[in-house]
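The structure presented is a predicted model; accordingly, all values stated were derived computationally and were not measured.
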Amino acid sequence: MKRASALLALTLAAGCGAGGGVRVEGPAPTAQRARPVYVIAYMGDALQRPRDFALTEFSSMTGVRWTSWGQASAVGAGKLSGTWCIPTCDIPATITLTRLQWMERTGYYSRFTVTADREITEADLVDQKLEVPPR
């Protein structure tokens with residue numbers, strides 16, 4: 001019995017070292033699933049790639065088409081409107097969401113800035129805080 005065990009161990013050891021051993025190339029495969037990323041609108045709704053949503057008590061974006069989402073920043077273009085621009089609302093604008101924060105396996109953008117081709121008089125649209133769930 002001892003002889004059979006020793007022979008088996010010797011055979012296994014010799015097989016592992018033959019030809020230089022095991023050769024591994026490239027990065028190890030990972031099974032990552034896309035993790036969801038949200039923006040929380042002014043009224044508290046957690047949204048993914050929202051087309052229409054409230055930014056503040058006085059301003060909102062409509063018809064947003066996102067060119068990026070889920071990375072460190074998200075960028076979209078749509079129409080900006082607010083109580084401060086009546087009656088000439090629906091200003092073409094770009095919104096940038098930044099400071100992606102991860103809670104468990106879910107991301108939330110925590111800041112936003114809106115820019116437009118024409119001057120926006122509303123100061124509340126530059127580097128403003130968005131709500132995120134409490135930790």
Side-chain angles (χ1 to χ4, degrees):
M1 180 79 167
K2 287 183 181 180
R3 184 175 175 190
S5 295
L7 185 57
L8 178 61
L10 182 61
T11 303
L12 290 174
C16 287
V22 176
R23 183 174 167 170
V24 178
E25 292 184 14
T30 59
Q32 283 189 336
R33 295 185 329 193
R35 299 185 292 176
V37 175
Y38 295 92
V39 60
I40 297 182
Y42 172 71
M43 296 302 288
D45 296 325
L47 307 168
Q48 287 185 301
R49 293 181 175 262
R51 188 158 169 76
D52 306 313
F53 66 109
L55 298 170
T56 69
E57 179 180 2
F58 304 108
S59 303
S60 62
M61 292 285 297
T62 58
V64 178
R65 293 181 180 253
W66 297 96
T67 55
S68 64
W69 185 270
Q71 296 84 27
S73 64
V75 178
K79 302 283 185 173
L80 172 67
S81 62
T83 56
W84 47 269
C85 66
I86 294 174
T88 58
C89 291
D90 292 335
I91 302 165
T94 299
I95 182 165
T96 303
L97 306 175
T98 57
R99 296 196 192 167
L100 184 57
Q101 295 182 4
W102 291 98
M103 314 260 180
E104 299 287 324
R105 295 174 189 224
T106 304
Y108 298 90
Y109 289 108
S110 63
R111 306 293 284 192
F112 77 88
T113 294
V114 176
T115 56
D117 289 339
R118 73 179 228 201
E119 185 176 335
I120 302 172
T121 58
E122 184 62 21
D124 290 340
L125 299 175
V126 177
D127 195 30
Q128 292 300 304
K129 185 176 180 180
L130 290 162
E131 294 297 319
V132 295
R135 289 185 181 230

Quiz prompt | pair Leu47-Ile40: side-chain heavy atoms closer than 4.5 Å | solution = no
Practice problem: Mind jotting down which residue pairs meet the disulfide (SG to SG under 2.5 Å) criterion with at least one end in residues 48-85? Sequence neighbours excluded, please. | Solution: Cys85-Cys89
Exercise. Without swapping roles, check the side chain of Thr67 against the backbone of Val75 for a donor-acceptor pair under 3.5 Å.
Key: yes
Quiz item: Does some side-chain heavy atom of Trp102 sit less than 4.5 Å from a side-chain heavy atom of Val37?
Solution: yes
Quiz item: Side chains of Arg51 and Met61: does their closest heavy-atom pair fall under 4.5 Å?
Solution: no
Quiz prompt | Single-linkage hydrophobic cluster Val39~Phe112, side-chain heavy atoms < 4.5 angstrom | solution = yes
Quiz prompt | Glu131 side, atom CD; Lys129 side, atom NZ - distance, nearest 0.5 Å | solution = 6.5 Å
Quiz item: So Leu130 and Leu97, side chain to side chain contact (heavy atoms under 4.5 Å, CB included) or not? Walk me through it.
Solution: CA-CA 9 Å; Leu130 290 162; Leu97 306 175; 4.0 Å; yes
Quiz item: Is the ring centre of Trp69 less than 6.0 Å from the ring centre of Tyr38?
Solution: no
Quiz item: Roughly how far, to the nearest 0.5 Å, is CZ of Arg35 from CD of Glu104?
Solution: 11.0 Å
Practice problem: Check Trp66 against Pro50 and note the closest heavy-atom contact, atom names and distance. | Solution: NE1-O, 2.8 Å
Quiz item: Is there a path from Ile95 to Ile91 through hydrophobic residues (I, L, V, M, F, W, Y) whose side chains come within less than 4.5 Å of each other?
Solution: yes
Exercise. For residues Trp84 and Ser59, determine if any side-chain heavy atom of one lies less than 4.5 Å from a side-chain heavy atom of the other.
Key: yes
Practice problem: Kindly give the heavy-atom pair with the smallest separation between Ser68 and Ser73, and that separation in Å. | Solution: OG-O, 3.7 Å
Quiz item: Side chains of Tyr42 and Ser60: closer than 4.5 Å at any heavy-atom pair?
Solution: no
Self-check item: Backbone of Lys79 reached by a side-chain donor or acceptor of Asp90 within 3.5 Å
Solution: no
Practice problem: Could I get the full list of side chain to side chain contact (heavy atoms under 4.5 Å, CB included) partners for Arg99, not counting sequence neighbours? | Solution: Ser110, Arg111, Asp127
Practice problem: Report the C-alpha distance between Gln128 and Thr113 in whole Å, list the side-chain angles of each, state the deciding distance to 0.1 Å, and finish with yes or no for side chain to side chain contact (heavy atoms under 4.5 Å, CB included). | Solution: CA-CA 6 Å; Gln128 292 300 304; Thr113 294; over 6 Å; no
Exercise. Mind checking salt bridge (charged side-chain N to carboxylate O under 4.0 Å, His left out) for Arg49 and listing every partner two or more places apart, or none if nothing turns up?
Key: none
Quiz item: For atom CD of Gln101, is the number of surrounding heavy atoms from other residues, nucleotides or ligands below 6.0 Å larger than 12?
Solution: yes
Practice problem: Could you check Val114 against Leu55 for side chain to side chain contact (heavy atoms under 4.5 Å, CB included), going step by step and ending with a plain yes or no? | Solution: CA-CA 10 Å; Val114 176; Leu55 298 170; 3.8 Å; yes
Quiz item: If every non-hydrogen atom of Gln71 is compared with every non-hydrogen atom of Tyr109, which pair is closest and at what distance?
Solution: O-OH, 3.0 Å
Practice problem: Find out whether Leu125 and Phe58 are in side-chain contact, i.e. whether some heavy atom of one side chain is under 4.5 Å from a heavy atom of the other. | Solution: no
